[in-house]
Amino acid sequence: MNLSELTLDREGLTAAIACEDAAFEAALREKAYQVKVATVGPEVYLRGLIEISNRCVKNCLYCGIRRDIRCQRYELSEEEVLTTAQMAAERHFGSVVIQGGERTDAAFIRKITRLLKAIKSIDTGADPPLGITLSLGEQPREVYEEWFDAGAHRYLLRIESSNPDLFRRIHPSDPMHAYDRRLQALYDLKAVGYQAGTGAMIGLPSQTAEDMADDLLFYKEFDAPMVGMGPYNPHPETPLTLSGAHYPSVQRRFSLGLKMIALLRLLMPDINIAAATALEILDPRGREMGLLSGANVIMPNITPREQMVKYNLYDRKTLNASDVQDLINKGISIGFGRWGDSKHFVSGI
Ligand code: 5AD
Ligand code: SF4
């Protein structure tokens, strides 16, 4: 396939995703990088990722911290979260992401509210107060409101797959794991006023090129100001892996991950696109290559080390943490001390 033949409709996106020609992929990624620089600029924004707990009430079939997996569970204390956020402020990260397994009990909700207020009052010197993104799953709208009022302004909730059938195949079939509920939560987040980010996994068993094209069109239709998507990485003890379902090779999932970023940059030039950690699992240069394919956000993991290893969504024994300094050394410019909100959201188009 030739880049000049690419159209950004379902048919064109599907053909681009299915195409395995390396020269096409390289040209596509280069084009997306140029569009990124021309639209949102060359700067990369940081979100210090704090994985607050691996306790989760859900049982997604692909996830290594699902309820029924036996693993060591942890929960950071409020003090630990605050010390970590403080460190993000000292390093001028600009923003933090509070991510954790899903919980809906009152004690948890109140804890997050208290934390949000405390993080907002961290002294950041000349920088604006830390921007806060939450990634804590589906919650009742009132909870989203409470957390928004306490200071969170972005929320990540992946749709995981925009194809309801595929979504059903990778989740238990009960009301707690319903596609419609996930979609409703996304619309609730938007209505409350968050920059609501979403995303899907790439290279899932039985996922087709059409499904992936539809994921991209879903982000467009939802008008997502930010997207974080990444390759599926099988975890050895999950039902999805144990079922023996076939999924694409490491090389193919990596290539798909980069191509999806590039295509999304062409489809939605002014949004924030994250180079997901999952890319780095597949290739030590994954994060950097994501940035060179159109992504403009990275989420360096700043969870205290001993807990980080327990947040085992997938097998990440091979995690190659290229740190921020490494990216600077490679000439990538970083938007230190800035929120780096999506240009799309700010301009309201
Ligand atoms: N491979 C890739 N991503 C995964 N996630 C969970 N399990 C996996 C996996 N095996 C992602 C989901 C979820 C996020 C917290 O982690 O997309 O939204
Ligand atoms: Fe829980 Fe999220 Fe894992 Fe699902 S993907 S089991 S909601 S942590």
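Read the numbers this way: they start at 1 and go in the same order the structure lists the ligands and their atoms. We're numbering straight along the sequence, starting at 1. Here the structure is a predicted model, which means the values were calculated and not measured.
When the options Arg67, Lys58, Arg66 are evaluated for a salt bridge (charged side-chain N to carboxylate O under 4.0 Å, His left out) with Glu102, the one that passes is Lys58.
Taking a distance limit of 4.0 Å, we find that atom 6 (S) of ligand 2 is approached by some protein heavy atom.
Distance from atom 1 (Fe) of ligand 2 to its nearest protein heavy atom, with residue and atom name: Cys56 SG, 2.2 Å. At the shortest separation from atom 3 (Fe) of ligand 2 among protein heavy atoms lies Cys63 SG, 2.3 Å. Distance from atom 4 (Fe) of ligand 2 to its nearest protein heavy atom, with residue and atom name: Cys60 SG, 2.3 Å.
Near Tyr232, with a cut-off below 4.0 Å to any heavy atom, the atoms of ligand 1 are 1 (N), 2 (C), 10 (N). Close approach of ligand 1 to Pro231 (heavy-atom distance below 4.0 Å) involves ligand atoms 2 (C). Under a 4.0 Å criterion applied to the non-hydrogen atoms of Tyr62, ligand 1 contributes the atoms 6 (C), 7 (N), 8 (C), 9 (C), 10 (N).
Residues Ser161 and Arg169 have side chains that never bring a donor and an acceptor to within less than 3.5 angstrom of each other.
Distances from ligand 1 to the non-hydrogen atoms of Cys60 include no value under 4.0 Å.
Checked against a 6.0 Å centroid threshold, the rings of Tyr232 and Tyr62 do not count as neighbours.
In this pair, Tyr155 and Trp147 present their aromatic rings parallel. The plane angle is below 30°, not in the 30 to 60° band.
Considering both main-chain and side-chain atoms, Glu160 comes within under 3.5 Å of ligand 1 through a nitrogen or oxygen pair. For the pair Arg158 and ligand 1, the shortest N or O to N or O distance falls below 3.5 Å.
Here atom 8 (S) of ligand 2 lies nearest to Ile65 when heavy atoms of Asn54, Val57, Ile65 are compared.
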